[in-house]
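Inspection log for the structure reproduced underneath, given as structure tokens.
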Number of protein chains: 4
Amino acid sequence: MRCRDDEKQQNIKRAVIKLILAEGFHGLSISKIAKEAGVSPATVYVYYENKEAMLYDIYRECGEQIYAYVLGRIDCTSGGERFVESMVQAYYTYIVEYGEEFYFVEQFTSCPALVGKCSGLEGNARIIRLFDELKRKRIIKDLNNQIIAAILFNPVKSIAVKYRQNPDARTVLAELIPVIQEALLAD
Amino acid sequence: MRCRDDEKQQNIKRAVIKLILAEGFHGLSISKIAKEAGVSPATVYVYYENKEAMLYDIYRECGEQIYAYVLGRIDCTSGGERFVESMVQAYYTYIVEYGEEFYFVEQFTSCPALVGKCSGLEGNARIIRLFDELKRKRIIKDLNNQIIAAILFNPVKSIAVKYRQNPDARTVLAELIPVIQEALLAD
Amino acid sequence: MRCRDDEKQQNIKRAVIKLILAEGFHGLSISKIAKEAGVSPATVYVYYENKEAMLYDIYRECGEQIYAYVLGRIDCTSGGERFVESMVQAYYTYIVEYGEEFYFVEQFTSCPALVGKCSGLEGNARIIRLFDELKRKRIIKDLNNQIIAAILFNPVKSIAVKYRQNPDARTVLAELIPVIQEALLAD
Amino acid sequence: MRCRDDEKQQNIKRAVIKLILAEGFHGLSISKIAKEAGVSPATVYVYYENKEAMLYDIYRECGEQIYAYVLGRIDCTSGGERFVESMVQAYYTYIVEYGEEFYFVEQFTSCPALVGKCSGLEGNARIIRLFDELKRKRIIKDLNNQIIAAILFNPVKSIAVKYRQNPDARTVLAELIPVIQEALLAD
DNA sequence: CATGAATGAGCGTTCATTCAT
DNA sequence: TATGAATGAACGCTCATTCAT
């Protein structure tokens with residue numbers, strides 16, 4: 001018998017991510033996905049149980065990828081300032097390099113109807129543990145984790161979005177880093 | 001074609017906002033809207049040219065409403081600390097009181113396919129002018145406006161979303177305010 | 001506004017009945033029905049909630065029609081022999097004249113998956129009451145109603161089916177009537 | 001292509017018969033059959049040329065089985081009354097014991113679109129020959145064979161269906177037997 | 001202005017069947 | 001022989017929109 005082709009599933013995943021950026025969750029359809037992925041609509045159902053499960057699955061993959069990317073590039077051993085800087089840089093680089101995945105996760109996350117049916121990401125728990133550790137070591141202030149995450153990620157995100165493919169972005173980022181450092185790091 | 005101040009149009013608008021929260025932009029349909037609003041599908045087209053125009057229109061209304069709400073509750077005359085505090089409080093209160101409108105705007109905004117076809121909101125320009133003025137008065141640091149906005153709004157937003165209807169929210173908010181003040185206010 | 005067109009619903013009904021005879025319940029599809037009825041597939045859903053409900057509805061109409069037809073042509077006032085004769089003739093004539101409706105009901109009835117979700121026909125209760133009355137009057141034997149109905153209807157049915165459009169049918173029917181009379185009538 | 005006496009083919013056959021009872025001919029699909037039979041969809045095509053041929057084949061097997069079962073249990077040597085009684089008992093027992101097969105044949109038979117493409121069953125010819133012989137021996141009346149078959153089989157069938165798993169069935173059957181005897185047996 | 005009817009196009013999904021192993 | 005992958009076609013149904021009143 002023919003064997004499950006991992007490349008086909010990758011094509012489908014890529015098609016979904018690409019189309020979501022171009023047309024949003026509304027405007028996404030199985031037949032568009034199939035056409036973009038170069039397979040038959042029925043083939044999609046070989047790899048995913050249904051559309052909803054497919055989106056959850058891809059969301060999970062992309063969501064975890066973000067955390068893995070950032071966590072893999074953080075420098076936690078050279079003090080708080082370096083920690084913030086490396087985190088911001090990593091997150092910004094991720095958004096620039098993986099824009100499509102990023103926007104997929106963004107749209108999915110900001111839709112309560114979608115994210116509400118989905119359990120939290122594993123990567124998020126890892127970040128929280130990291131924050132707790134850094135607080136214990138008195139590297140960052142003893143703040144609510146939600147606040148830390150919000151200050152650390154959201155401004156970078158909004159700059160990355162606004163300055164998409166604008167060379168000034170790095171300058172703005174350089175301006176942002178000390179602000180975050182001042183806000184989060186213990187004296 | 002328009003007939004503002006009509007109760008029917010308000011019903012339609014409310015229906016859209018409610019359904020978007022419950023089911024997302026995907027899953028929204030004219031017939032669902034009509035049913036929820038208690039009108040005929042054809043009636044929707046009396047008030048809006050088509051579905052897309054309807055969404056843009058409602059987005060614009062809701063988006064401007066946020067800025068109007070917050071700008072109307074900011075205290076700009078009692079120093080930077082009070083400015084930050086009043087802004088955070090106003091934004092948080094808005095999200096709690098107008099959750100449906102907030103999520104509608106959030107989802108719309110995070111969808112490039114939608115927001116890309118829409119010009120910026122007027123309220124955003126007013127906020128930018130306010131920032132510029134506060135920078136000129138040396139009340140807030142001379143930072144990129146995108147950074148200021150991101151630091152001011154995004155953490156509040158993520159707390160409001162996470163702590164939805166949780167009484168601890170106000171405590172967390174109180175913790176957040178000094179962090180933002182430290183980050184943004186000129187010494 | 002445009003008004004619901006009763007003729008359209010009749011066309012749909014006729015299309016269903018015709019197609020069921022030609023192709024069976026399997027092989028029946030909304031698009032075939034729509035084509036045969038000269039309407040759009042979507043129009044079918046103006047008149048029926050869904051395919052299943054449509055079939056139940058048409059089944060009920062056709063089923064009751066059979067009972068109404070036969071009950072309207074029975075001669076109950078001229079003794080048992082005339083009763084049996086008139087019943088047999090009426091039922092046979094119905095099958096010949098309304099073959100499509102008859103086969104629709106037959107197929108529906110013999111499918112447990114379909115008929116099991118459907119409550120009994122009103123006409124059946126009327127027939128049972130008639131049997132009870134005839135038994136009380138000692139016109140027919142005091143037999144289980146199921147037996148009476150089976151002897152009265154099933155042989156006619158199987159002859160009508162086998163001799164479809166064959167002129168010998170009437171001869172065979174004439175042969176059948178006394179057999180049924182002997183079987184059911186009180187001495 | 002065939003490989004009779006194979007357990008896989010029996011599983012497929014059983015799956016078809018079971019599913020037809022549960023869901024009707026509409027609602028039957030190769031993949032459901034395969035799942036129920038514990039084989040791959042492709043395997044079905046090893047044993048049957050296509051879906052239609054499979055149904056015809058199984059119908060033929062089940063149809064002949066009924067005749068074989070009943071003919072094997074008839075007592076033709078102890079007079080007409082015993083003949084009718086044994087026939088009724090045999091047929092009833094078959095329906096109770098092989099309900100799934102019975103309903104399969106019933107549904108198939110009552111669908112002109114299916115049965116019309118299928119030649120008559122061999123068992124039917126044997127029954128007809130038996131009737132002719134009994135008529136020649138003046139055991140049963142000289143009636144049209146269709147009538148005999150209808151009176152002999154259909155009432156039993158309708159009682160078996162109505163009284164499915166109801167202990168009263170045997171009582172009703174006992175009531176039916178003399179009626180049939182009176183109707184069919186020569187004086 | 002307001003409507004329920006009407007629709008062609010498209011939806012997500014499953015179909016019967018074939019392919020490659 | 002037996003399989004899971006693969007598919008174009010079709011499924012039942014809903015869509016955004018227009019029509020006739």
Side-chain angles (χ1 to χ4, degrees), chain A residues 1-6 8-9 26-34 38-55, chain B residues 1-3 6 8-9 26-35 37-55, chain C residues 1-6 8-9 26-34 38-55, chain D residues 1-3 6 8-9 12 26-35 37-54:
Chain A
M1 54 140 180
R2 227 177 297 180
C3 238
R4 211 178 259 237
D5 185 347
D6 224 28
K8 274 206 176 75
Q9 182 157 21
H26 69 284
L28 185 74
S29 82
I30 296 288
S31 60
K32 282 183 192 171
I33 294 166
V39 299
S40 153
T43 304
V44 174
Y45 291 86
V46 171
Y47 295 95
Y48 298 100
E49 202 184 321
N50 53 46
K51 195 190 180 189
E52 206 182 29
M54 179 188 73
L55 293 178
Chain B
M1 172 132 52
R2 293 291 162 71
C3 176
D6 190 328
K8 280 207 172 66
Q9 182 162 23
H26 69 284
L28 186 73
S29 81
I30 296 289
S31 60
K32 282 184 191 171
I33 294 165
K35 198 162 289 173
V39 300
S40 158
T43 305
V44 174
Y45 290 85
V46 171
Y47 294 97
Y48 299 102
E49 202 183 321
N50 55 43
K51 195 188 180 189
E52 206 181 30
M54 179 189 72
L55 293 177
Chain C
M1 56 142 178
R2 230 178 294 182
C3 236
R4 213 180 256 235
D5 185 347
D6 225 28
K8 274 209 176 76
Q9 183 158 21
H26 70 283
L28 185 73
S29 81
I30 296 288
S31 60
K32 284 183 190 170
I33 294 166
V39 300
S40 153
T43 304
V44 174
Y45 291 86
V46 171
Y47 295 95
Y48 298 100
E49 201 183 322
N50 54 46
K51 195 190 180 189
E52 205 181 32
M54 180 188 71
L55 293 177
Chain D
M1 174 138 42
R2 292 290 159 73
C3 177
D6 190 330
K8 279 209 172 65
Q9 183 162 24
I12 292 168
H26 69 284
L28 186 73
S29 80
I30 297 288
S31 60
K32 282 183 191 172
I33 294 165
K35 198 163 290 176
V39 300
S40 157
T43 305
V44 175
Y45 289 86
V46 172
Y47 294 97
Y48 300 102
E49 201 183 322
N50 54 43
K51 195 189 179 188
E52 204 181 32
M54 179 189 71

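In the text below, chain A, chain B and the rest are named by the order of the sequence lines, each starting its count at 1.
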Are V46(C) and K8(C) close enough that some pair of their side-chain heavy atoms sits under 4.5 Å apart?
-> no
Does S31(A) put a side-chain nitrogen or oxygen below 4.0 Å from OP1 or OP2 of dG10(E)?
-> no
Secondary-structure string, 5' to 3', Watson-Crick or G-U under 3.5 Å, | for another-strand partners, for DNA chain F | .||||||||||||||||||||
Closest non-hydrogen atom pair, S40(A) against A34(A) | C-CB, 3.8 Å
Specify the separation, in whole Å, of atom NE2 of H26(A) and atom P of dG12(E).
-> 13 Å
Starting at the 5' end of DNA chain E and moving along, which residue's nearest nucleotide shows up first, M1(C) or V46(C)?
-> M1(C)
To the nearest angstrom, how far is L28(A) atom CG from dC11(E) atom C1'?
-> 12 Å
Go through dG4(E), dA2(F), dC11(F) for me and flag the one nearest to the K32(C) side chain.
-> dC11(F)
Value in whole Å for how far the P atom of dA6(E) lies from CG of D6(C) | 11 Å
Note: for Y47(C) and G27(D) on DNA chain E, the residue whose nearest nucleotide lies more 5' is Y47(C)
Kindly point out which of dT7(E), dT13(E), dA6(F) is positioned nearest to the side chain of P41(A)?
-> dT13(E)
Take the protein atom CG of D5(A) and the nucleotide atom C1' of dA20(E), then report the distance between them rounded to whole Å.
-> 13 Å
Selection from dG12(F), dA16(E), dT7(F) that lies nearest to any side-chain heavy atom of I30(D) | dA16(E)
Phosphate oxygens OP1/OP2 of dG10(E): is one of them under 4.0 Å from a side-chain N or O of S29(A)?
-> no
Distance-minimising heavy-atom pair for I30(C) and P41(C) = CG2-O, 4.1 Å
Separation of dT17(F) atom P from E52(B) atom CD, nearest Å, is 9 Å
Nearest-0.5 Å distance that lies between atom CE in M54(B) and atom CD in E49(B) | 12.5 Å
K51(A) side chain, from C-beta outward: closest of dA5(F), dG12(E), dG4(F) | dG12(E)
Between Y45(C) (OH) and dT7(E) (P), how many Å, whole number?
-> 15 Å
Indicate the atoms forming the closest heavy-atom contact of L28(C) with K51(C), along with that distance.
-> O-NZ, 3.0 Å
Hey, what do you get for NE2 (H26(A)) to CG (L55(B)), rounding to the nearest 0.5 Å?
-> 7.5 Å
Using the closest heavy atom to pick a nucleotide of DNA chain F for each, name whichever of V39(D) or N50(C) lands nearer the 5' end.
-> V39(D)
Choosing from dA6(F), dA5(E), dT3(F), which nucleotide comes nearest the side chain of R2(C)?
-> dA5(E)
Taking atom C1' of dA5(F) as reference, at what distance in whole Å does atom NZ of K8(A) sit?
-> 8 Å
Please evaluate the base of dG8(E) for a donor-acceptor partner in the side chain of S40(C) within a cut-off of under 3.5 Å?
-> yes
Going by atom types alone, do Y47(D) and D6(D) pair a side-chain donor with an acceptor below 3.5 Å?
-> yes
Against the side chain of A42(C), the closest entry in dA5(E), dT7(E), dA5(F) is dT7(E)
CD of E52(D) to OH of Y48(D): how many Å apart, nearest 0.5 Å?
-> 14.5 Å
When you check the phosphate oxygens OP1 and OP2 of dA5(E), does a side-chain N or O of R4(C) lie under 4.0 Å from one of them?
-> yes
d(CD1, I33(D); C1', dT14(E)) in whole Å = 14 Å
